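Structure record follows, encoded as structure tokens.
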Amino acid sequence: MSSAAEIDSGSVQAAEPLLFDALLTPHRSLSPRGFLIFMAAICCVSFAAGLALFLAGAWPIVGFLGADVLLIYLLFRANYRHGRRHEILELTPERLTVRKVNHYGEARSFEFQPYWLRVQMDDPVHHESQLVLHSHGKRLVVGSFLAPEERLDLAKALRKALAETQNQLS
């Protein structure tokens, strides 16, 4: 994927009116409280199964059950860490700024001129459909972690905001 020109500034200047503002975050279906309940249930089931197997003389299996619990915990932690990534889209009459923050907290910002910007998205949407911003031979994929319908809704809202911005400039 070739990307748009990367910029250093992380936010849009306050003097410009904000015409479109979106914060994109991955869907989290399990709350922290739900995670604790789930892990407690996994621990209880593994402990009960491990105790029964230990009493039956199959004590080596207990280690595998403990490893399963640890692996489930580590995978969920990795999933939650990746859930911290997000993208911020801010449109002013002069520019569209896209700020992408990865799961480590590192941010990269990209700027586009609204008048020349094209928003590409398949309609009807497919699972592998991408929301792509095009301008001056450069492209940037936005919202890759969103559900396909959410990407389509974002594309429509962004197209509408860009059309209004382009009409104001004409």
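Note that the coordinates shown come from a computational prediction; the quantities given were computed from them, not determined experimentally.
The nearest pair of heavy atoms linking L23 to H86 is CD1-CD2, 3.7 Å. Nearest heavy-atom pair across Y80 and P32 is OH-N, 4.4 Å. In plain terms, the two heavy atoms of E87 and G143 that are nearest each other are OE1-N, 2.8 Å. Of all non-hydrogen atoms in T92 and L19, the two that sit nearest each other are C-CD1, 3.9 Å. In terms of heavy atoms, V69 sits closest to S46 at CG2-OG, 3.3 Å.
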(request) Give the intermediate values and the outcome of side chain to side chain contact (heavy atoms under 4.5 Å, CB included) for residues N79 and R28. (result) CA-CA 9 Å; N79 181 272; R28 306 272 33 108; 2.2 Å; yes

(message) L53 vs L65, test: side chain to side chain contact (heavy atoms under 4.5 Å, CB included). Steps then yes/no.
(response) CA-CA 10 Å; L53 289 168; L65 292 172; 4.1 Å; yes

(request) Apply side-chain hydrogen bond (donor to acceptor under 3.5 Å, both in side chains) to R108 and N102, showing your working. (result) CA-CA 9 Å; R108 294 186 332 172; N102 68 16; over 6 Å; no

(request) Give the C-alpha distance, both sets of side-chain angles, the deciding distance and a yes or no for side chain to side chain contact (heavy atoms under 4.5 Å, CB included) between Q130 and S144. (result) CA-CA 7 Å; Q130 293 182 328; S144 60; over 6 Å; no

(request) Test side chain to side chain contact (heavy atoms under 4.5 Å, CB included) on D21 and L18 and set out the steps. (result) CA-CA 7 Å; D21 187 22; L18 203 54; 3.8 Å; yes

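Taking 4.5 Å as the limit, some side-chain heavy atom of P114 sits within range of a side-chain heavy atom of L91. In this structure, the side chains of H126 and P148 stay at 4.5 Å or more apart for every pair of heavy atoms. You'll find the side chain of R85 stays beyond 4.5 Å of the side chain of K100, heavy atoms only. Looking at L89 and L158, their side chains come closer than 4.5 Å, going by heavy atoms from C-beta outward. Residues H134 and V119 fail the side-chain proximity criterion, which asks for heavy atoms closer than 4.5 Å.
Rounded to the nearest 0.5 Å, atoms CZ (R99) and CG (L24) are 13.5 Å apart. Atom CG of residue L96 and atom CD of residue E90 lie 9.0 Å apart, to the nearest 0.5 angstrom. Note that the CG atom of L131 and the CG atom of L140 stand 9.0 Å from one another [nearest 0.5 Å]. Between H127 atom NE2 and D122 atom CG the span is 13.0 Å, to the nearest 0.5 Å.
Through direct or relayed side-chain contacts under 4.5 Å between Ile, Leu, Val, Met, Phe, Trp and Tyr, L36 connects to no other residue.
A donor-acceptor contact shorter than 3.5 Å links the side chain of T165 to the backbone of A161. In terms of modelled atom types and a separation under 3.5 Å, the side chain of E150 and the main chain of A147 share a donor-acceptor contact.
With hydrophobic clusters built from ILVMFWY side chains whose heavy atoms lie under 4.5 angstrom apart, I61 does not share a cluster with L70. Linking Ile, Leu, Val, Met, Phe, Trp and Tyr whenever their side-chain heavy atoms come within less than 4.5 Å leaves L133 and V101 in two separate clusters. A continuous path of hydrophobic side-chain contacts links L30 to Y73 [ILVMFWY only; heavy atoms under 4.5 Å]. At a threshold of 4.5 Å between side-chain heavy atoms, the hydrophobic network of Ile, Leu, Val, Met, Phe, Trp and Tyr places L71 and M39 in two separate groups.
Classified by interplanar angle (parallel below 30°, tilted 30° to 60°, perpendicular above 60°), the ring pair H82/H103 is tilted. Between F35 and F76, the angle of the ring planes lies from 30° to 60°, which puts this pair in the tilted group.
Around the CZ atom of R77, the shell of radius 6.0 Å holds no more than 12 heavy atoms that belong to other residues, nucleotides or ligands.
Between R151 and the choices L146, V141, V142, the side-chain contact (heavy atoms from CB on, under 4.5 Å) rule is met once, by L146.
At least one test fails for R95 against the ring of F112: distance under 6.0 Å to the centre or angle within 45° of the axis.
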